[in-house]
Protein chains: 2
Amino acid sequence: MTPRRRIETMEKNRAKLIAAARRAFAEKGFSTASMDELTADAGLTRGALYHNFGDKKGLLAAVVAQVDEEMALRAQELAATAPNDWESLLAEGSAYIEMALDPEIRRIVLLDGPAFLGDPSQWPSQNACLETTKQTVGRLIANGIMKPVDDEAAARLLNGAALNAALWVAASDDPGTVLPRAIEAFRIMAAGFLAKEQPRCNAPV
Amino acid sequence: MTPRRRIETMEKNRAKLIAAARRAFAEKGFSTASMDELTADAGLTRGALYHNFGDKKGLLAAVVAQVDEEMALRAQELAATAPNDWESLLAEGSAYIEMALDPEIRRIVLLDGPAFLGDPSQWPSQNACLETTKQTVGRLIANGIMKPVDDEAAARLLNGAALNAALWVAASDDPGTVLPRAIEAFRIMAAGFLAKEQPRCNAPV
DNA sequence: GAGTTGACATGCAATCCGTATGTCAGTTAT
DNA sequence: ATAACTGACATACGGATTGCATGTCAACTC
């Protein structure tokens, strides 16, 4: 009758567990979040959890992969509105800074993720954020807009700077005034990668 | 007879606990490190630990403060050998990249520290690393070598870029060949902060 | 329609953190 | 010098959590 009923409910349960985990990890943090509370909140038990994700860290990896995917998508959207490729790169960086102000992203992806899953560069979900900026950098180098540097190193530096700056902004007393200063400094620093001196007076945002 | 015997042994015990914690946290990670094993390795028990540091996180804070102090010291040493202030700043950044290759520093200060103590900018041990680069940046701006950007933002971006790049280098398959590329890219990007010749925009003395 | 698979629930063992209580060396006062 | 006291540290206990092993029942196959 309903030959696909099995995997449908399974995927639904996986989604429910991941959704509950996002809330719990964002609020309590990964280490203090309880698997019992988590699964009960999703209407299930730890049995489902270990069957689907094998491990507490496995669940974190699944959550991180989902959030990371969303971040990359949002960054690409904002980058697409930029007038040229260089502004697109800057828009990506600014997007990461702003996204890191979201407590959920900050705690799960930027703090607990690296601490419990190791460095993002070797995550199972080869993090999509970095991949998009790396591609943008590659295009800019090919077009002669950026100096011929290692594309992965450049992407790493830009992302690291942006995300770390965002942690600072988020922890500051007055994020509203600190954020624009961080973004401005980011744009200035990133200009070091530009191939030739553009004689433009860039007005601070 | 020996009126100071009390506090002497106490400081010795504190040092022994911190030393044992450094080893345990570096090897097992903060969350999986056992307080029982830790204290036994130091020849003490959990009683001494809670009496001295109040909390497991208190012990982590003490360890982080010690390592952070050492990092700032080493960065200043390397920066002092540079021919001028600008090269001094670049030397600091390179120093952070290289120091982050040390597994102990990587795990304790860069991964577990932010995850369990929150953002470094609000650590009890107001992290010394950032303070030194901030001062260097302030000097460079005052001398007109760097563009007049927010000094804290610039220091944050430079440190974040360096430390995050270091995580990437450490996780790579061949750190020996990746490290110089990371350092080169860092120097190029940091040059974005240089004032250079831009007479039309702003003319600092 | 009976057998089989597997997704999920449940009970159990091990472990760990934090605190409350106990103990004794070291210090001070008389 | 001896008695009292302070406090640094050890020990015992309770609460909580993770991971596994076993049990169960719906869903799929033949």
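Note: hydrogens, waters and symmetry copies are ignored here, and every other heavy atom, side chains too, is used. Since the structure is predicted, the reported quantities are computational estimates derived from the model, not experimental observations. A, B, ... follow the sequence lines: proteins, then strands. Residue 1 opens every chain.
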(request) Please report the C-alpha distance between Leu89(B) and Val137(B) in whole Å, then the side-chain angles of each, then the deciding distance to 0.1 Å, and finally whether the side-chain contact (heavy atoms from CB on, under 4.5 Å) criterion is met. (result) CA-CA 7 Å; Leu89(B) 182 67; Val137(B) 167; 4.0 Å; yes
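With respect to Glu37(B) and Arg23(B), no salt bridge is recorded, no charged nitrogen being found less than 4.0 Å from a carboxylate O.
In the displayed structure, Asp173(B) atom CG is contacted under 6.0 Å by at most 12 heavy atoms of other residues, nucleotides or ligands.
Side-chain atoms of Ile108(A) and Phe30(A), non-hydrogen and from C-beta on, never get closer than 4.5 Å to each other. With contacts defined as side-chain heavy-atom distances shorter than 4.5 Å, the pair Trp168(B)/Pro175(B) does not qualify.
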Between the protein and nucleotides 12-14 of chain D, which nitrogen or oxygen pairs are less than 3.5 angstrom apart?
residue	atom	partner	partner atom	Å
dA12(D)	N6	Arg46(B)	NH2	3.4

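Non-hydrogen atoms lying under 4.0 Å from DNA chain D are contributed by Tyr50(A), Asp55(A), Lys56(A), all within residues 48-56 of chain A. Contacts with DNA chain C (heavy atom under 4.0 Å) in residues 34-43 of chain B: Ser34(B), Met35(B), listed by number.
Across all their heavy atoms, Ala100(A) and Ile105(A) have their closest contact at CA-CG2, 4.4 Å. The shortest heavy-atom contact between Pro180(A) and Gly176(A) is CD-O, 3.2 Å.
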Listed pairs under 3.5 Å, donor-acceptor, residues 181-193 of chain B side chains, sequence neighbours left out:
residue	atom	partner	partner atom	Å
Arg181(B)	NE	Asp150(A)	OD2	3.2
Arg181(B)	NH1	Asp150(A)	OD2	2.2
Arg187(B)	NH2	Glu87(B)	OE1	3.0
Arg187(B)	NH2	Glu87(B)	OE2	3.2

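The nearest whole Å value for the distance from the CE atom in Met10(B) to the C1' atom in dA25(C) is 15 Å. If you take CG of Leu17(B) and P of dA8(D), they are 13 Å apart, rounded to a whole angstrom. Summarising the geometry, the separation between CD on Glu11(B) and C1' on dA8(D) is reported as 14 Å, rounded to the nearest angstrom. Distance Lys12(B) NZ to dA8(D) C1': 16 Å, rounded to the nearest Å.
Checking Phe30(A) against Arg14(B), the closest nucleotide of DNA chain D that is more toward the 5' end is the one next to Arg14(B).
A donor-acceptor pair under 3.5 Å links the side-chain atoms of Thr136(A) to the main chain of Thr132(A), judged by distance alone. For the pair Tyr96(A) (side chain) and Cys129(A) (backbone), a donor-acceptor distance under 3.5 Å is present. A donor-acceptor pair is defined here as one N or O able to donate and one able to accept, closer than 3.5 Å; no such pair exists between the side chain of Asn143(A) and the backbone of Ile145(A).
Contact between the side-chain N/O atoms of Asn13(A) and the OP1/OP2 oxygens of dA7(C) is not found at any separation under 4.0 Å.
Scanning for side chain to side chain contact (heavy atoms under 4.5 Å, CB included) contacts around Ala65(B) gives Ser125(B), with sequence neighbours left out.
Taking the screw axis at each terminus of the helix from dG1(C)-dC30(D) to dT30(C)-dA1(D) from five consecutive base pairs, the angle between the two is 10° to within rounding of 10 degrees.
A donor-acceptor contact closer than 3.5 angstrom is absent between the side chains of Ser88(A) and Asp85(A).
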